Amino acid sequence: MSWHIWMVVFLVCLGLEIATTGIFFFLCFSTGAMFAMIFSLLGVGIQTELIIFSCVSLVSVLLIRPLFKKYFAKKKIETNVDSLIGAPAIVIEEIKLNSGGKIKVGGEIWLAVCEENVEVGKEVRIKAVDGTKLVVSSKK
């Protein structure tokens, strides 16, 4: 009758995995519980079931979890202003060291600051976003 207990452990761990998507930790214990449940139905003793649960869970955490994390890794997609980082821009108003200037990137005009003076018409590279200003570098 211990297969009922393993079924509950399996379902609880599976539910926790669904609730914490992407970490694949509870899925490993769910797999261990499933194997223990199968062996319980085959009539092995509780000690053997515990050993099977422990071994399968440990192997899953050490070997299978890293593969799942790598395969199902969420790729960060840069959107909005973050997608500008690394993009080239053209200076349309001279960028002065302490007061900044204006650049044009993707058809939009932005305030820009730089660690040096940059004259009109030069190409700059966007390094970061600082509020409503873009931090740029004249070096490529």
Side-chain angles (χ1 to χ4, degrees):
M1 281 304 232
S2 63
W3 71 271
H4 289 102
I5 296 169
W6 291 117
M7 175 65 85
V8 170
V9 172
F10 170 77
L11 292 173
V12 167
C13 289
L14 198 58
L16 288 170
E17 180 61 41
I18 291 169
T20 58
T21 58
I23 62 170
F24 302 109
F25 186 71
F26 293 106
L27 183 64
C28 298
F29 292 105
S30 180
T31 304
M34 180 182 65
F35 274 88
M37 179 179 63
I38 291 169
F39 278 86
S40 174
L41 289 169
L42 294 175
V44 300
I46 188 70
Q47 292 86 3
T48 306
E49 294 169 21
L50 289 170
I51 291 171
I52 290 169
F53 171 76
S54 301
C55 290
V56 171
S57 297
L58 182 65
V59 167
S60 295
V61 168
L62 296 176
L63 300 178
I64 297 171
R65 182 173 182 251
L67 293 175
F68 271 45
K69 285 185 69 87
K70 181 179 178 183
Y71 184 75
F72 293 108
K74 295 179 183 175
K75 295 185 177 28
K76 184 178 177 187
I77 299 172
E78 300 293 342
T79 58
N80 300 330
V81 75
D82 292 327
S83 65
L84 296 175
I85 297 173
I90 301 295
V91 177
I92 60 170
E93 181 182 293
E94 183 179 3
I95 301 174
K96 296 183 181 170
L97 184 58
N98 294 325
S99 62
K102 292 184 181 176
I103 61 171
K104 188 171 188 176
V105 58
E108 297 178 338
I109 297 174
W110 288 82
L111 294 173
V113 293
C114 189
E115 295 175 348
E116 58 187 287
N117 293 331
V118 184
E119 55 193 54
V120 175
K122 295 287 184 179
E123 184 176 290
V124 292
R125 185 84 39 196
I126 301 169
K127 293 184 351 182
V129 178
D130 183 19
T132 59
K133 297 177 285 207
L134 299 176
V135 180
V136 298
S137 171
S138 64
K139 297 178 179 92
K140 294 183 181 179

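Owing to the predicted nature of the structure, the values given are computational and were not obtained by experimental measurement.
- In this structure, I46 is a member of the same hydrophobic cluster as M34, with clusters built from ILVMFWY side-chain heavy atoms closer than 4.5 Å.
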Would L14 and L27 satisfy side-chain contact (heavy atoms from CB on, under 4.5 Å), going step by step from the backbone distance to the final call? CA-CA 6 Å; L14 198 58; L27 183 64; 4.2 Å; yes

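- With R65 contributing its side chain and F26 its backbone, the two residues share no donor-acceptor pair below 3.5 Å.
- Heavy-atom minimum distance, V118 versus C114: CG2-SG, 3.9 Å.
- A side-chain donor-acceptor contact under 3.5 Å links E17 to the backbone of F25.
- Atoms CD1 and CD1, on I85 and I126 in that order, are 8.5 Å from each other to the nearest 0.5 Å.
- The CD1 atom of I109 sits 3.5 Å away from atom CD1 of I92, with the distance rounded to the nearest 0.5 Å.
- With rounding to the nearest 0.5 angstrom, the OG1 atom of T31 is 11.5 Å from the CZ atom of F24.
- To the nearest 0.5 Å, atom CE of residue M37 and atom CG of residue L42 are 11.0 Å apart.
- Distance check: K122 NZ to I103 CD1 gives 16.0 Å after rounding to the nearest 0.5 Å.
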Which is it for V91 and E119 under the side-chain contact (heavy atoms from CB on, under 4.5 Å) test, yes or no, and what are the steps along the way? CA-CA 7 Å; V91 177; E119 55 193 54; over 6 Å; no

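- Side chain of S54 to main chain of L50: a donor-acceptor pair is present (N/O by atom type, distance under 3.5 Å, no hydrogens or angles).
- Taking both residues in full, the closest heavy atoms of V124 and S138 are given as CG1-CA, 4.1 Å, listed atom of the first, atom of the second, then distance.
- Looking at W110 and L84, their side chains come closer than 4.5 Å, going by heavy atoms from C-beta outward.
- In the hydrophobic clustering of this structure, I64 groups with I38; members are Ile, Leu, Val, Met, Phe, Trp, Tyr whose side-chain heavy atoms approach within less than 4.5 Å, directly or through other members.
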Please report the C-alpha distance between V136 and K127 in whole Å, then the side-chain angles of each, then the deciding distance to 0.1 Å, and finally whether the side-chain contact (heavy atoms from CB on, under 4.5 Å) criterion is met. CA-CA 5 Å; V136 298; K127 293 184 351 182; over 6 Å; no

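- Put simply, CD1 on I18 and SG on C13 are 11.5 Å apart, with the number rounded to the nearest 0.5 Å.
- F39 pairs with exactly one of I52, T48, V56 by the side-chain contact (heavy atoms from CB on, under 4.5 Å) rule, that one being I52.
- Contact record, A87 with V105: CB-CG2, 4.4 Å, taken as the closest heavy-atom pair.
- Atom CD of E115 has 12 or fewer neighbouring heavy atoms from other residues, nucleotides or ligands inside a 6.0 Å radius.
- In the hydrophobic cluster analysis, where Ile, Leu, Val, Met, Phe, Trp and Tyr join through side-chain heavy atoms closer than 4.5 angstrom, L11 is grouped together with W3.
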N117 vs I95, test: side-chain contact (heavy atoms from CB on, under 4.5 Å). Steps then yes/no. CA-CA 5 Å; N117 293 331; I95 301 174; over 6 Å; no

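- Y71 and I23 fall within the same hydrophobic cluster, defined by Ile, Leu, Val, Met, Phe, Trp and Tyr side-chain heavy atoms under 4.5 Å apart, directly or through other members.
- Aromatic ring orientation, F53 versus W6: tilted (interplanar angle from 30° to 60°).
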